[in-house]
There are 2 protein chains.
Amino acid sequence: MALEHAILVSLEERPGSGYELAGRFDKSIGYFWAATHQQIYRTLKRMVELDWVAVEHIAQQGRPDKKHYRIAAGGRAELRRWLAEPSEPAHLREELAVKVRGASLGDVAAVRAEVARHRDHHAERLDVYRVIEKNDFPDPGSLHGRGLHQYLVLRGGIRAEQGMVEWCEEVLEALGRDRS
Amino acid sequence: MALEHAILVSLEERPGSGYELAGRFDKSIGYFWAATHQQIYRTLKRMVELDWVAVEHIAQQGRPDKKHYRIAAGGRAELRRWLAEPSEPAHLREELAVKVRGASLGDVAAVRAEVARHRDHHAERLDVYRVIEKNDFPDPGSLHGRGLHQYLVLRGGIRAEQGMVEWCEEVLEALGRDRS
DNA sequence: GCTACCTATGCAACAAGGTGCACTGCAACC
DNA sequence: GGTTGCAGTGCACCTTGTTGCATAGGTAGC
(Lines give C-alpha, C1' and ligand atoms only; values in the text may rest on other atoms or scores of the structure.)
Protein backbone atom coordinates (compact mmCIF):
# COMPACT_ATOMS: atom_id res chain seq x y z
CA MET A 1 0.00 0.00 0.00
CA ALA A 2 1.23 3.44 -0.89
CA LEU A 3 -0.70 5.42 1.73
CA GLU A 4 1.88 4.49 4.35
CA HIS A 5 4.62 5.62 2.05
CA ALA A 6 2.88 8.83 1.11
CA ILE A 7 2.55 9.61 4.82
CA LEU A 8 6.21 8.78 5.41
CA VAL A 9 7.28 11.06 2.56
CA SER A 10 5.05 13.82 3.91
CA LEU A 11 6.30 13.42 7.49
CA GLU A 12 9.87 13.42 6.30
CA GLU A 13 9.28 16.76 4.60
CA ARG A 14 7.66 18.09 7.77
CA PRO A 15 6.62 16.33 11.01
CA GLY A 16 3.13 17.01 12.31
CA SER A 17 -0.05 15.72 13.93
CA GLY A 18 -2.60 13.38 12.37
CA TYR A 19 -5.01 16.25 12.06
CA GLU A 20 -2.43 18.37 10.33
CA LEU A 21 -1.54 15.50 7.98
CA ALA A 22 -5.20 15.05 7.12
CA GLY A 23 -5.17 18.67 6.04
CA ARG A 24 -2.22 18.04 3.75
CA PHE A 25 -4.00 15.04 2.23
CA ASP A 26 -6.91 17.33 1.55
CA LYS A 27 -4.69 19.46 -0.67
CA SER A 28 -1.04 19.39 -1.91
CA ILE A 29 -0.04 15.72 -1.66
CA GLY A 30 -3.73 14.78 -1.49
CA TYR A 31 -4.26 15.97 -5.05
CA PHE A 32 -2.26 12.91 -6.11
CA TRP A 33 -3.18 10.52 -3.34
CA ALA A 34 -6.38 11.27 -1.46
CA ALA A 35 -7.04 10.00 2.07
CA THR A 36 -9.58 10.69 4.80
CA HIS A 37 -8.61 11.50 8.36
CA GLN A 38 -9.81 8.03 9.36
CA GLN A 39 -7.36 6.29 7.08
CA ILE A 40 -4.57 8.53 8.29
CA TYR A 41 -5.18 7.99 12.02
CA ARG A 42 -5.44 4.24 11.51
CA THR A 43 -2.29 4.11 9.41
CA LEU A 44 -0.30 6.26 11.84
CA LYS A 45 -1.27 3.93 14.68
CA ARG A 46 -0.07 0.92 12.70
CA MET A 47 3.16 2.66 11.74
CA VAL A 48 3.93 3.47 15.38
CA GLU A 49 3.68 -0.25 16.16
CA LEU A 50 6.05 -0.97 13.29
CA ASP A 51 8.47 1.69 14.55
CA TRP A 52 8.24 3.52 11.26
CA VAL A 53 7.22 6.75 13.00
CA ALA A 54 7.74 8.14 16.50
CA VAL A 55 4.94 9.79 18.50
CA GLU A 56 5.08 12.53 21.04
CA HIS A 57 1.97 13.30 23.11
CA ILE A 58 1.46 17.00 23.50
CA ALA A 59 -0.98 18.29 26.14
CA GLN A 60 -2.74 21.49 25.20
CA GLN A 61 -5.01 23.80 27.10
CA GLY A 62 -8.19 25.16 25.58
CA ARG A 63 -7.96 22.68 22.72
CA PRO A 64 -7.70 18.88 22.53
CA ASP A 65 -4.35 17.24 23.19
CA LYS A 66 -2.49 16.15 20.12
CA LYS A 67 0.07 13.63 18.97
CA HIS A 68 3.07 14.82 17.07
CA TYR A 69 4.54 12.34 14.59
CA ARG A 70 7.92 12.24 12.93
CA ILE A 71 9.56 9.64 10.75
CA ALA A 72 11.76 7.09 12.55
CA ALA A 73 14.81 5.17 11.33
CA GLY A 74 12.61 2.18 10.50
CA GLY A 75 10.43 4.39 8.34
CA ARG A 76 13.41 5.69 6.43
CA ALA A 77 14.59 2.14 5.82
CA GLU A 78 11.11 1.14 4.66
CA LEU A 79 11.02 4.09 2.28
CA ARG A 80 14.35 3.08 0.76
CA ARG A 81 13.13 -0.50 0.39
CA TRP A 82 9.86 0.60 -1.22
CA LEU A 83 11.50 3.09 -3.58
CA ALA A 84 13.78 0.38 -4.96
CA GLU A 85 10.88 -2.01 -5.52
CA PRO A 86 8.92 -2.04 -8.79
CA SER A 87 5.30 -0.89 -8.68
CA GLU A 88 2.26 -1.80 -10.73
CA PRO A 89 1.12 0.77 -13.27
CA ALA A 90 -2.18 2.18 -12.02
CA HIS A 91 -5.14 1.45 -14.21
CA LEU A 92 -7.74 4.01 -15.14
CA ARG A 93 -10.97 4.10 -13.16
CA GLU A 94 -13.18 6.82 -14.53
CA GLU A 95 -16.89 6.50 -13.86
CA LEU A 96 -17.60 9.30 -16.33
CA ALA A 97 -16.12 7.19 -19.14
CA VAL A 98 -18.48 4.33 -18.28
CA LYS A 99 -21.37 6.79 -18.43
CA VAL A 100 -20.29 8.11 -21.81
CA ARG A 101 -20.00 4.57 -23.11
CA GLY A 102 -23.53 3.75 -21.94
CA ALA A 103 -25.03 7.16 -22.71
CA SER A 104 -27.39 5.89 -25.40
CA LEU A 105 -29.17 3.74 -22.79
CA GLY A 106 -30.36 6.82 -20.95
CA ASP A 107 -30.63 10.57 -21.22
CA VAL A 108 -27.69 11.59 -23.43
CA ALA A 109 -28.27 15.27 -22.62
CA ALA A 110 -27.90 14.53 -18.90
CA VAL A 111 -24.62 12.71 -19.51
CA ARG A 112 -23.47 15.62 -21.60
CA ALA A 113 -24.28 17.99 -18.73
CA GLU A 114 -22.25 15.78 -16.41
CA VAL A 115 -19.30 15.99 -18.80
CA ALA A 116 -19.58 19.78 -18.73
CA ARG A 117 -19.64 19.74 -14.94
CA HIS A 118 -16.52 17.58 -14.85
CA ARG A 119 -14.79 19.83 -17.34
CA ASP A 120 -15.42 22.78 -15.03
CA HIS A 121 -14.15 20.83 -12.04
CA HIS A 122 -10.93 19.83 -13.78
CA ALA A 123 -10.45 23.34 -15.16
CA GLU A 124 -10.64 24.71 -11.61
CA ARG A 125 -8.20 22.14 -10.35
CA LEU A 126 -5.91 23.00 -13.24
CA ASP A 127 -6.02 26.66 -12.24
CA VAL A 128 -5.01 25.77 -8.69
CA TYR A 129 -2.03 23.81 -10.01
CA ARG A 130 -0.98 26.60 -12.35
CA VAL A 131 -1.01 29.08 -9.48
CA ILE A 132 1.15 26.76 -7.40
CA GLU A 133 3.47 26.29 -10.35
CA LYS A 134 3.85 30.02 -10.83
CA ASN A 135 4.30 30.87 -7.14
CA ASP A 136 6.39 27.97 -5.88
CA PHE A 137 8.42 27.17 -8.98
CA PRO A 138 9.05 30.43 -10.84
CA ASP A 139 12.30 29.13 -12.32
CA PRO A 140 11.94 25.39 -12.98
CA GLY A 141 15.23 25.20 -14.87
CA SER A 142 17.20 25.91 -11.71
CA LEU A 143 15.58 23.16 -9.64
CA HIS A 144 17.52 20.27 -8.16
CA GLY A 145 16.87 17.26 -5.94
CA ARG A 146 13.79 17.37 -3.76
CA GLY A 147 12.46 20.64 -5.19
CA LEU A 148 12.74 19.25 -8.69
CA HIS A 149 10.92 16.07 -7.65
CA GLN A 150 8.06 18.04 -6.16
CA TYR A 151 7.85 20.13 -9.31
CA LEU A 152 7.73 17.05 -11.53
CA VAL A 153 4.81 15.62 -9.59
CA LEU A 154 2.99 18.92 -9.94
CA ARG A 155 3.69 18.74 -13.67
CA GLY A 156 2.01 15.35 -13.70
CA GLY A 157 -1.06 16.83 -12.05
CA ILE A 158 -1.14 19.65 -14.57
CA ARG A 159 -0.87 17.23 -17.47
CA ALA A 160 -3.60 14.98 -16.06
CA GLU A 161 -6.06 17.83 -15.47
CA GLN A 162 -5.26 19.43 -18.79
CA GLY A 163 -5.86 16.08 -20.50
CA MET A 164 -9.20 15.64 -18.77
CA VAL A 165 -10.34 19.14 -19.71
CA GLU A 166 -9.43 18.52 -23.34
CA TRP A 167 -11.16 15.14 -23.39
CA CYS A 168 -14.31 16.65 -21.89
CA GLU A 169 -14.24 19.35 -24.56
CA GLU A 170 -13.89 16.71 -27.27
CA VAL A 171 -16.84 14.75 -25.87
CA LEU A 172 -18.99 17.87 -25.53
CA GLU A 173 -18.28 18.89 -29.08
CA ALA A 174 -18.95 15.44 -30.53
CA LEU A 175 -22.14 14.89 -28.52
CA GLY A 176 -23.34 18.36 -29.45
CA ARG A 177 -22.89 17.63 -33.12
CA ASP A 178 -24.54 14.19 -32.96
CA ARG A 179 -28.22 14.15 -33.79
CA SER A 180 -29.15 10.48 -33.85
CA MET B 1 -20.59 1.67 -7.36
CA ALA B 2 -19.89 1.75 -11.05
CA LEU B 3 -18.85 -1.89 -11.49
CA GLU B 4 -22.49 -2.93 -11.57
CA HIS B 5 -23.19 -0.31 -14.16
CA ALA B 6 -20.17 -1.19 -16.25
CA ILE B 7 -21.38 -4.81 -16.27
CA LEU B 8 -24.89 -3.72 -17.22
CA VAL B 9 -23.56 -1.61 -20.09
CA SER B 10 -21.41 -4.50 -21.26
CA LEU B 11 -24.25 -7.03 -21.01
CA GLU B 12 -26.54 -4.69 -22.88
CA GLU B 13 -24.04 -4.54 -25.72
CA ARG B 14 -23.75 -8.33 -25.67
CA PRO B 15 -25.10 -10.95 -23.22
CA GLY B 16 -22.66 -13.58 -21.97
CA SER B 17 -21.36 -15.70 -19.10
CA GLY B 18 -19.45 -14.51 -16.05
CA TYR B 19 -16.32 -16.06 -17.43
CA GLU B 20 -16.76 -14.34 -20.73
CA LEU B 21 -17.43 -11.02 -18.99
CA ALA B 22 -14.26 -11.45 -16.94
CA GLY B 23 -12.44 -11.71 -20.26
CA ARG B 24 -13.94 -8.44 -21.44
CA PHE B 25 -12.92 -6.75 -18.18
CA ASP B 26 -9.42 -7.98 -18.87
CA LYS B 27 -9.35 -5.98 -22.07
CA SER B 28 -11.72 -3.56 -23.92
CA ILE B 29 -13.97 -2.17 -21.19
CA GLY B 30 -11.47 -3.34 -18.59
CA TYR B 31 -8.93 -0.83 -19.87
CA PHE B 32 -11.14 1.84 -18.31
CA TRP B 33 -12.60 -0.11 -15.41
CA ALA B 34 -10.65 -3.17 -14.30
CA ALA B 35 -12.25 -6.04 -12.38
CA THR B 36 -11.25 -9.58 -11.42
CA HIS B 37 -13.43 -12.61 -12.07
CA GLN B 38 -14.22 -12.74 -8.36
CA GLN B 39 -15.74 -9.29 -8.32
CA ILE B 40 -17.71 -10.06 -11.44
CA TYR B 41 -19.19 -13.35 -10.17
CA ARG B 42 -20.15 -11.73 -6.87
CA THR B 43 -21.70 -8.72 -8.55
CA LEU B 44 -23.64 -10.82 -11.05
CA LYS B 45 -25.07 -12.87 -8.20
CA ARG B 46 -26.20 -9.72 -6.42
CA MET B 47 -27.69 -8.29 -9.60
CA VAL B 48 -29.73 -11.45 -10.20
CA GLU B 49 -31.26 -10.99 -6.74
CA LEU B 50 -32.06 -7.38 -7.62
CA ASP B 51 -33.62 -8.49 -10.93
CA TRP B 52 -31.20 -6.32 -12.84
CA VAL B 53 -30.03 -9.27 -14.92
CA ALA B 54 -31.58 -12.59 -15.92
CA VAL B 55 -29.68 -15.90 -15.75
CA GLU B 56 -30.00 -18.97 -17.86
CA HIS B 57 -28.22 -22.14 -16.77
CA ILE B 58 -26.61 -23.91 -19.69
CA ALA B 59 -25.44 -27.51 -19.26
CA GLN B 60 -22.39 -28.41 -21.31
CA GLN B 61 -20.61 -31.67 -21.93
CA GLY B 62 -16.86 -31.93 -21.78
CA ARG B 63 -16.61 -28.55 -20.11
CA PRO B 64 -18.16 -27.01 -16.99
CA ASP B 65 -21.74 -25.82 -17.12
CA LYS B 66 -22.19 -22.12 -17.49
CA LYS B 67 -24.61 -19.36 -16.68
CA HIS B 68 -25.67 -17.00 -19.41
CA TYR B 69 -26.58 -13.50 -18.30
CA ARG B 70 -28.53 -10.79 -20.04
CA ILE B 71 -29.79 -7.43 -18.85
CA ALA B 72 -33.34 -7.34 -17.45
CA ALA B 73 -35.91 -4.54 -17.39
CA GLY B 74 -34.85 -3.63 -13.86
CA GLY B 75 -31.27 -3.28 -15.04
CA ARG B 76 -32.28 -0.96 -17.83
CA ALA B 77 -34.23 1.18 -15.38
CA GLU B 78 -31.27 1.26 -13.01
CA LEU B 79 -28.98 2.33 -15.85
CA ARG B 80 -31.30 5.18 -16.75
CA ARG B 81 -31.45 6.26 -13.10
CA TRP B 82 -27.67 6.10 -12.73
CA LEU B 83 -26.96 7.93 -15.98
CA ALA B 84 -29.12 10.86 -14.89
CA GLU B 85 -27.41 11.08 -11.51
CA PRO B 86 -24.29 13.23 -10.98
CA SER B 87 -21.02 11.44 -10.24
CA GLU B 88 -17.95 12.42 -8.27
CA PRO B 89 -14.90 13.37 -10.31
CA ALA B 90 -12.33 10.61 -9.79
CA HIS B 91 -9.17 11.66 -8.04
CA LEU B 92 -5.74 10.67 -9.18
CA ARG B 93 -4.05 7.76 -7.44
CA GLU B 94 -0.65 7.25 -8.94
CA GLU B 95 1.90 5.42 -6.82
CA LEU B 96 4.65 6.39 -9.25
CA ALA B 97 4.03 10.06 -8.49
CA VAL B 98 4.49 9.40 -4.76
CA LYS B 99 7.76 7.67 -5.56
CA VAL B 100 8.97 10.56 -7.67
CA ARG B 101 8.09 12.96 -4.89
CA GLY B 102 10.06 10.92 -2.37
CA ALA B 103 12.86 9.91 -4.73
CA SER B 104 15.57 11.81 -2.85
CA LEU B 105 14.97 9.60 0.21
CA GLY B 106 16.18 6.54 -1.66
CA ASP B 107 17.88 5.44 -4.83
CA VAL B 108 16.93 8.08 -7.41
CA ALA B 109 18.35 5.96 -10.23
CA ALA B 110 16.03 3.11 -9.27
CA VAL B 111 13.02 5.44 -9.32
CA ARG B 112 14.15 6.72 -12.69
CA ALA B 113 14.31 3.14 -13.97
CA GLU B 114 10.76 2.60 -12.70
CA VAL B 115 9.60 5.67 -14.59
CA ALA B 116 11.18 4.26 -17.75
CA ARG B 117 9.42 0.96 -17.18
CA HIS B 118 6.09 2.73 -16.77
CA ARG B 119 6.71 4.79 -19.88
CA ASP B 120 7.19 1.57 -21.83
CA HIS B 121 4.05 0.08 -20.35
CA HIS B 122 1.93 3.09 -21.23
CA ALA B 123 3.47 3.30 -24.70
CA GLU B 124 2.44 -0.32 -25.32
CA ARG B 125 -1.05 0.35 -24.08
CA LEU B 126 -1.20 3.41 -26.31
CA ASP B 127 -0.24 1.28 -29.30
CA VAL B 128 -3.06 -1.14 -28.53
CA TYR B 129 -5.53 1.74 -28.43
CA ARG B 130 -4.24 3.23 -31.65
CA VAL B 131 -4.68 -0.10 -33.43
CA ILE B 132 -8.26 -0.35 -32.15
CA GLU B 133 -8.88 3.22 -33.24
CA LYS B 134 -7.58 2.53 -36.72
CA ASN B 135 -9.38 -0.79 -37.18
CA ASP B 136 -12.72 -0.17 -35.48
CA PHE B 137 -13.17 3.53 -36.17
CA PRO B 138 -11.61 4.29 -39.57
CA ASP B 139 -14.00 7.18 -40.18
CA PRO B 140 -14.75 8.89 -36.84
CA GLY B 141 -16.55 11.79 -38.51
CA SER B 142 -19.37 9.54 -39.62
CA LEU B 143 -20.05 8.04 -36.18
CA HIS B 144 -23.35 8.42 -34.39
CA GLY B 145 -24.99 7.25 -31.17
CA ARG B 146 -23.51 4.19 -29.52
CA GLY B 147 -20.59 3.88 -31.91
CA LEU B 148 -19.65 7.48 -31.30
CA HIS B 149 -19.85 6.99 -27.53
CA GLN B 150 -17.54 3.98 -27.69
CA TYR B 151 -15.13 5.95 -29.82
CA LEU B 152 -15.11 8.87 -27.39
CA VAL B 153 -14.20 6.58 -24.49
CA LEU B 154 -11.37 5.13 -26.55
CA ARG B 155 -10.23 8.69 -27.22
CA GLY B 156 -10.12 9.24 -23.47
CA GLY B 157 -7.90 6.19 -23.09
CA ILE B 158 -5.61 7.42 -25.83
CA ARG B 159 -5.33 10.84 -24.25
CA ALA B 160 -4.63 9.38 -20.81
CA GLU B 161 -1.92 7.01 -22.04
CA GLN B 162 -0.39 9.66 -24.24
CA GLY B 163 -0.32 12.04 -21.28
CA MET B 164 1.37 9.44 -19.08
CA VAL B 165 4.01 8.69 -21.71
CA GLU B 166 4.78 12.39 -22.08
CA TRP B 167 4.96 12.92 -18.34
CA CYS B 168 7.32 9.96 -17.95
CA GLU B 169 9.52 11.42 -20.68
CA GLU B 170 9.56 14.79 -18.92
CA VAL B 171 10.53 13.14 -15.63
CA LEU B 172 13.23 11.03 -17.27
CA GLU B 173 14.73 14.02 -18.97
CA ALA B 174 14.70 16.19 -15.85
CA LEU B 175 16.10 13.46 -13.58
CA GLY B 176 18.76 12.67 -16.16
CA ARG B 177 19.88 16.29 -16.22
CA ASP B 178 19.87 16.68 -12.43
CA ARG B 179 23.22 16.06 -10.76
CA SER B 180 22.62 17.01 -7.13
C1' DG C 1 2.72 -40.04 -20.21
C1' DC C 2 3.31 -35.60 -17.82
C1' DT C 3 2.70 -30.83 -17.51
C1' DA C 4 0.27 -26.91 -18.44
C1' DC C 5 -3.42 -24.28 -19.84
C1' DC C 6 -8.44 -23.38 -20.93
C1' DT C 7 -13.30 -23.34 -19.66
C1' DA C 8 -16.31 -22.27 -15.75
C1' DT C 9 -17.84 -21.07 -11.13
C1' DG C 10 -17.34 -20.05 -6.52
C1' DC C 11 -15.89 -19.84 -1.19
C1' DA C 12 -13.09 -17.88 2.53
C1' DA C 13 -10.25 -14.64 4.35
C1' DC C 14 -8.15 -10.45 4.27
C1' DA C 15 -6.70 -5.59 3.01
C1' DA C 16 -8.11 -1.06 1.93
C1' DG C 17 -11.21 2.62 1.72
C1' DG C 18 -15.45 5.28 3.11
C1' DT C 19 -19.36 6.97 6.24
C1' DG C 20 -21.38 8.24 10.36
C1' DC C 21 -20.91 9.30 14.85
C1' DA C 22 -18.99 10.89 19.54
C1' DC C 23 -16.48 14.10 22.74
C1' DT C 24 -14.49 18.79 24.08
C1' DG C 25 -13.82 23.67 24.42
C1' DC C 26 -12.76 27.95 22.22
C1' DA C 27 -13.58 31.66 18.78
C1' DA C 28 -16.25 34.03 15.43
C1' DC C 29 -20.49 35.48 13.43
C1' DC C 30 -25.13 37.45 13.28
C1' DG D 1 -27.42 34.05 22.99
C1' DG D 2 -27.51 30.40 19.53
C1' DT D 3 -25.27 28.40 15.58
C1' DT D 4 -21.42 27.36 13.11
C1' DG D 5 -16.70 26.10 12.53
C1' DC D 6 -12.16 24.64 14.02
C1' DA D 7 -8.83 21.74 16.43
C1' DG D 8 -8.01 16.96 17.63
C1' DT D 9 -8.54 11.85 18.04
C1' DG D 10 -10.87 7.81 17.53
C1' DC D 11 -14.56 3.65 17.29
C1' DA D 12 -17.82 0.83 14.68
C1' DC D 13 -19.60 -0.65 10.69
C1' DC D 14 -20.00 -1.26 5.83
C1' DT D 15 -18.45 -1.65 0.98
C1' DT D 16 -15.02 -2.64 -2.38
C1' DG D 17 -11.13 -4.98 -4.02
C1' DT D 18 -7.43 -8.76 -3.78
C1' DT D 19 -5.46 -13.44 -3.05
C1' DG D 20 -5.44 -18.19 -2.54
C1' DC D 21 -7.67 -22.16 -3.09
C1' DA D 22 -10.99 -25.93 -4.87
C1' DT D 23 -13.16 -28.52 -8.53
C1' DA D 24 -13.00 -31.06 -13.11
C1' DG D 25 -12.72 -32.65 -17.75
C1' DG D 26 -10.64 -31.45 -22.33
C1' DT D 27 -6.88 -30.17 -25.25
C1' DA D 28 -2.19 -29.03 -26.69
C1' DG D 29 2.76 -29.35 -26.32
C1' DC D 30 7.23 -31.98 -25.14
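Quick note: numbers below take in every heavy atom, side chains included, and nothing from hydrogens, waters or symmetry partners.
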**Q** 5'-most contact on DNA chain D: A/R42 or A/R63, nearest heavy atom basis?
**A** A/R63
**Q** Check whether any side-chain N or O of A/Y19 sits under 4.0 Å from OP1 or OP2 of D/dT9, and answer yes or no.
**A** no
**Q** Please report the end-to-end axis angle for the helix from C/dG1-D/dC30 to C/dC30-D/dG1, five pairs per end, rounded to 10 degrees.
**A** 40°
**Q** Can A/R155 be said to sit on top of B/W167's aromatic six-ring, NZ or CZ under 6.0 Å from centre and within 45° of the ring axis?
**A** no
**Q** 5'-most contact on DNA chain C: A/T36 or A/Q61, nearest heavy atom basis?
**A** A/T36
**Q** Within a reach of under 6.0 Å around CD of B/E88, are more than 12 heavy atoms found that belong to other residues, nucleotides or ligands?
**A** no
**Q** Grab the CZ-P distance between B/R93 and C/dA16 for me, whole Å please.
**A** 11 Å
**Q** Please walk me through it: do A/E20 and A/R14 pass side-chain contact (heavy atoms from CB on, under 4.5 Å)?
**A** CA-CA 10 Å; A/E20 205 255 308; A/R14 193 158 31 89; 3.3 Å; yes
**Q** For B/E56 and C/dA8, give me the distance from atom CD to atom P, rounded to whole Å.
**A** 14 Å
**Q** Could you tell me the separation between the CZ atom of A/R24 and the P atom of D/dG8, rounded to a whole number of Å?
**A** 12 Å
**Q** Do NZ/NE/NH1/NH2 and the carboxylate oxygens of B/E94 and B/R101 come within less than 4.0 Å?
**A** no
**Q** Is it the case that over 12 heavy atoms from other parts of the model lie below 6.0 angstrom from the CZ atom of A/R70?
**A** no
**Q** Give the ring-plane orientation class for B/H37 versus B/Y41, where under 30° counts as parallel, over 60° as perpendicular and anything between as tilted.
**A** perpendicular
**Q** Could you tell me how far apart A/I40 (CD1) and C/dA16 (C1') are, to the nearest whole angstrom?
**A** 14 Å
**Q** Reckon B/Q39 touches a base, only the sugar-phosphate, or nothing at all at heavy-atom distances under 4.0 Å?
**A** base
**Q** Has A/Q60 got a side-chain N or O lying under 4.0 Å from the OP1 or OP2 atom of D/dG8?
**A** yes
**Q** Between P on C/dG18 and CZ on A/F25, what's the gap in Å once rounded to a whole number?
**A** 12 Å
**Q** Rounded off to whole Å, could you give me the CG-to-P distance for the A/D26 and D/dC6 pair?
**A** 11 Å
**Q** Locate the shortest heavy-atom distance separating A/A54 from A/A72; write the atom from each residue and the value.
**A** N-CB, 4.2 Å
**Q** Between C/dA16 atom P and A/K45 atom NZ, what is the distance in whole Å?
**A** 16 Å
**Q** Closer than 4.0 Å, any side-chain N/O of A/K67 to the OP1 or OP2 of D/dG10?
**A** yes
**Q** Checking ring pair (Phe, Tyr, Trp, His ring centres under 6.0 Å) for the pair B/Y19/B/F25: CA distance, chi angles, key distance, verdict?
**A** CA-CA 10 Å; B/Y19 184 86; B/F25 275 82; over 10 Å; no
**Q** For D/dG10, does OP1 or OP2 lie under 4.0 Å from any side-chain N or O of A/Y41?
**A** no
**Q** Assign each of B/Y69 and B/H91 to its nearest nucleotide of DNA chain C by heavy atoms, then name whichever residue's nucleotide is nearer the 5' end.
**A** B/Y69
**Q** So, is B/K66 near the phosphate of C/dG10, with a side-chain N or O under 4.0 Å from OP1 or OP2?
**A** no
**Q** Donor-acceptor pair under 3.5 Å: do we get one between A/Q38's side chain and the base of C/dG17?
**A** no
**Q** For A/R46 and D/dT9, give me the distance from atom CZ to atom P, rounded to whole Å.
**A** 17 Å
**Q** When all nucleic acid strands are considered with a 4.0 Å heavy-atom cut-off, which category describes A/E20: base, sugar-phosphate, or nothing?
**A** nothing
**Q** Using only heavy-atom distances, decide whether a donor-acceptor pair under 3.5 angstrom links the side-chain of B/H37 to the base of C/dG10.
**A** yes
